[in-house]
Student: 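Let me begin by handing over the structure; questions about it come next.
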Protein chains: 2
Amino acid sequence: MYSSNALKAVLNEKGWRLTPQRETILTAFQRLQKGKHLSAEDLYELLEQQETPISLSTIYRNLKLMSHMGILRELEFAEDHKHYELNQPSPNHHHHLICVKCNQAIEFKSDPIQKVGKSKAKQAGFHLLDCQLTIHALCPRCKKPAKSAS
Amino acid sequence: MYSSNALKAVLNEKGWRLTPQRETILTAFQRLQKGKHLSAEDLYELLEQQETPISLSTIYRNLKLMSHMGILRELEFAEDHKHYELNQPSPNHHHHLICVKCNQAIEFKSDPIQKVGKSKAKQAGFHLLDCQLTIHALCPRCKKPAKSAS
DNA sequence: AAACTTATTGCGAATAACTCTGATTAAAAT
DNA sequence: ATTTTAATCAGAGTTATTCGCAATAAGTTT
Ligand SMILES: [Mn+2]
Ligand SMILES: [Mn+2]
Ligand SMILES: [Zn+2]
Ligand SMILES: [Zn+2]
């Protein structure tokens with residue numbers, strides 16, 4: 001959970017600046033209910049309703065920046081757009097089981113997987129940002145019967 | 001490794017048809033060198049060069065269909081488009097460590113992860129299509145120094 | 001505190017990955 | 001051989017995301 005100052009610190013370290021927009025975006029994700037994920041458009045509308053609007057291009061730019069920094073994680077469930085959520089450490093870090101047809105997502109945790117992620121990244125000399133097991137599947141409702149005879 | 005007949009069988013089971021285009025696409029992936037992945041556009045160009053061209057819309061439709069069937073897997077490394085590869089069973093099944101900046105991808109195997117995937121899907125009553133651990137990271141070359149003084 | 005540098009914003013236009021439409025073709029069933 | 005309807009192709013259309021640029025303001029230097 002980044003405080004405003006912590007956010008400033010990690011931004012400035014790279015030469016980036018702390019802007020009100022960036023704080024607003026981070027706060028929106030921190031306040032988000034567990035299990036919820038936001039698309040760029042979702043966030044845009046949420047902030048509009050909150051009376052703290054931010055332009056869509058700024059939202060896109062910062063969602064990408066904050067994901068690349070490891071503050072947010074980019075999720076690819078829905079067919080045509082990305083979703084985002086906070087990239088949280090160990091006790092809250094989780095993975096997703098998703099139905100490729102209706103996009104329903106179920107979250108679950110797994111420490112062993114996190115360990116694999118850390119060790120593989122280290123082994124290859126990479127700086128780990130996020131590791132996520134994504135299980136693509138068909139939910140009970142979407143796995144239809146083979147084909148009903150005439 | 002699907003034979004032409006096996007492909008026909010799984011297609012017909014759902015009321016789909018075996019077309020020369022579908023065979024061509026599957027064959028292209030089966031011939032693909034280990035560690036390689038194709039985007040829709042890549043495949044389009046490959047087939048054009050092979051003198052077995054297929055229209056782009058047909059390619060898109062079938063990449064999606066075959067992914068939803070579990071024959072191919074959809075990978076999300078590059079920023080703006082998907083990549084595909086064969087969805088192979090246990091001895092060849094693998095995961096990816098990718099650099100979010102330059103999109104370099106390293107493959108690795110892990111049976112424990114596959115087990116987690118299978119058990120979680122079963123537990124929730126989902127029909128498993130594919131499970132992939134994606135490790136987002138910065139490769140050695142892309143993790144630049146913090147900021148060089150003037 | 002004022003001046004300075006340049007990262008960031010917002011707007012609208014542009015891009016490009018992907019989807020849709022509708023006429024034509026051709027699998028599979030009868 | 002005939003019938004049914006899924007699939008293909010080409011091109012138009014959609015839309016998530018990016019880009020360009022003038023205006024603004026964060027952080028730094030004086
Ligand atoms: Mn989640
Ligand atoms: Mn691969
Ligand atoms: Zn479903
Ligand atoms: Zn890299």
Side-chain angles (χ1 to χ4, degrees), chain A residues 4-5 7-26 37-45 47-48 52-69 72 74-84 100 103 146-150, chain B residues 4-5 7-26 37-45 47-48 52-69 72 74-84 100 103 146-150:
Chain A
S4 175
N5 282 346
L7 178 61
K8 179 166 163 51
V10 293
L11 284 167
N12 289 349
E13 192 185 342
K14 294 262 174 54
W16 312 131
R17 294 173 181 180
L18 176 65
T19 63
Q21 289 86 345
R22 287 176 178 163
E23 261 191 279
T24 300
I25 292 174
L26 179 58
H37 310 100
L38 297 178
S39 67
E41 196 70 36
D42 291 340
L43 179 59
Y44 178 74
E45 287 167 11
L47 297 181
E48 217 169 25
T52 53
I54 295 181
S55 82
L56 207 43
S57 37
T58 296
I59 286 180
Y60 274 108
R61 265 183 308 229
N62 285 313
L63 287 177
K64 181 183 280 189
L65 175 69
M66 291 165 88
S67 298
H68 283 207
M69 291 176 71
L72 297 180
E74 210 169 63
L75 308 167
E76 329 252 3
F77 332 134
E79 280 297 274
D80 52 357
H81 59 278
K82 293 170 183 162
H83 281 210
Y84 296 83
V100 299
N103 295 324
K147 183 185 187 179
S148 52
S150 64
Chain B
S4 176
N5 282 346
L7 178 61
K8 179 166 162 50
V10 293
L11 284 167
N12 290 350
E13 191 185 341
K14 294 261 173 57
W16 313 130
R17 295 173 181 180
L18 177 65
T19 64
Q21 288 86 346
R22 287 176 178 165
E23 262 190 279
T24 300
I25 291 174
L26 179 58
H37 310 99
L38 297 178
S39 67
E41 197 70 37
D42 291 339
L43 179 59
Y44 178 75
E45 287 168 13
L47 297 182
E48 217 169 25
T52 54
I54 296 182
S55 83
L56 207 44
S57 38
T58 297
I59 287 181
Y60 274 109
R61 256 178 288 130
N62 284 314
L63 288 177
K64 181 184 281 190
L65 175 70
M66 292 164 87
S67 297
H68 283 207
M69 291 176 69
L72 297 180
E74 212 168 62
L75 308 168
E76 329 253 6
F77 333 133
E79 280 297 275
D80 52 359
H81 59 278
K82 294 169 182 162
H83 280 210
Y84 296 83
V100 300
N103 295 324
K147 183 184 187 178
S148 53
S150 66

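The sequence lines fix the lettering, A, B, ..., with proteins before strands; numbering per chain opens at 1.
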Student: Nearest-Å distance, CD (E23(A)) to P (dA26(D))?
Tutor: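 Nearest whole value for this atom pair: 11 Å.
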Student: Judged by each residue's nearest nucleotide on DNA chain C, which is more toward the 5′ side, D80(B) or L56(A)?
Tutor: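 Looking at the nearest nucleotide for each, L56(A) comes out on the 5' side.
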Student: Given atom CG of L65(B) and atom P of dT19(C), what is their separation to the nearest angstrom?
Tutor: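 Atom CG in L65(B) sits about 13 Å away from atom P in dT19(C).
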Student: Evaluate the side-chain proximity of Y60(B) to K64(B): yes if any heavy-atom separation is below 4.5 Å, no if none is.
Tutor: no
Student: Could you tell me how far apart L7(B) (CG) and dA27(C) (P) are, to the nearest whole angstrom?
Tutor: 14 Å
Student: From C-beta outward on K82(A), which listed nucleotide comes closest to its side chain: dT17(D), dA27(C), dG10(C)?
Tutor: dT17(D)
Student: Counting any heavy atom closer than 4.0 Å, what does E41(A) reach on the DNA or RNA strands: base, sugar-phosphate only, or nothing?
Tutor: nothing
Student: Rounded to the Å, how far apart are L38(B) CG and dC18(C) P?
Tutor: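 For the pair L38(B) CG and dC18(C) P, the rounded distance is 13 Å.
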Student: Between H37(A) and F77(A), how do the two ring planes meet: parallel, tilted or perpendicular, split at 30° and 60°?
Tutor: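 Answer is perpendicular, since the angle exceeds 60°.
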Student: With respect to the side chain of R17(B), which nucleotide from dC11(C), dA7(C), dA6(D) is positioned closest?
Tutor: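 Shortest atom-to-atom distance from the side chain points to dA6(D).
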Student: Using OP1 and OP2 only, check whether a side-chain N or O of K8(B) sits under 4.0 Å from dA28(C).
Tutor: yes
Student: First locate atom NZ of K8(B), then atom CG of L18(B), and finally report the distance between them rounded to the nearest 0.5 Å.
Tutor: 6.5 Å
Student: Can you check whether any acceptor in the base of dC18(C) is under 3.5 Å from a donor in the side chain of S57(B), or vice versa?
Tutor: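 Absent.
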Student: Counting only side-chain N and O atoms of Q21(B), is one of them less than 4.0 Å from OP1 or OP2 of dC9(D)?
Tutor: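 The answer is yes; a side-chain N or O of Q21(B) sits under 4.0 Å from OP1 or OP2.
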Student: Name the closest nucleotide to the H81(B) side chain, picking from dC18(C), dG27(D), dA27(C).
Tutor: dC18(C)
Student: Between Y60(B) (OH) and dT21(C) (P), how many Å, whole number?
Tutor: 18 Å
Student: Ignoring hydrogens, what is the shortest heavy-atom contact between R17(B) and L11(B)? Give both atom names and the distance.
Tutor: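 Of all heavy-atom pairs spanning R17(B) and L11(B), the closest is O-CD1, 3.6 Å.
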Student: Answer yes or no: is there a side-chain heavy-atom contact under 4.5 Å between W16(A) and M69(A)?
Tutor: yes
Student: Given side chains that start at C-beta, do those of R22(A) and L65(A) come closer than 4.5 Å, heavy atoms only?
Tutor: yes
Student: Rounded to whole angstroms, how far apart are CG on N62(B) and C1' on dA6(D)?
Tutor: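 Answer to the nearest Å: 11 Å.
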Student: Within the 4.5 Å heavy-atom criterion, are Q21(B) and T52(B) side-chain neighbours or not?
Tutor: no
Student: Please work out if R22(B) contacts a base, only the sugar-phosphate, or nothing of the nucleic acid, heavy-atom cut-off 4.0 Å.
Tutor: sugar-phosphate
Student: Given dA28(C), dT19(C), dC9(D), which nucleotide is nearest the side-chain atoms of N12(B)?
Tutor: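 The listed nucleotide nearest to N12(B)'s side chain is dA28(C).
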Student: Could you give the CG-to-P distance, from L18(B) to dA28(C), as a whole number of Å?
Tutor: 6 Å
Student: Quick one: R61(A) CZ to dG10(C) P, roughly how many Å, whole number?
Tutor: 8 Å
Student: Where do N103(A) and V100(A) come nearest, in terms of heavy atoms and distance?
Tutor: OD1-O, 4.2 Å
Student: Taking only side-chain N and O atoms of K64(B), does any of them lie within less than 4.0 angstrom of OP1 or OP2 on dC18(C)?
Tutor: no
Student: Bend angle of the helix from dA1(C)-dT30(D) to dT30(C)-dA1(D) from five-pair axes at both ends, rounded to 10°?
Tutor: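 The helix from dA1(C)-dT30(D) to dT30(C)-dA1(D) shows an end-to-end axis angle of 50°.
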Student: Counting any heavy atom closer than 4.0 Å, what does T19(A) reach on the DNA or RNA strands: base, sugar-phosphate only, or nothing?
Tutor: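 If one applies the 4.0 Å heavy-atom cut-off, T19(A) turns out to touch the sugar-phosphate alone, with no base involved.
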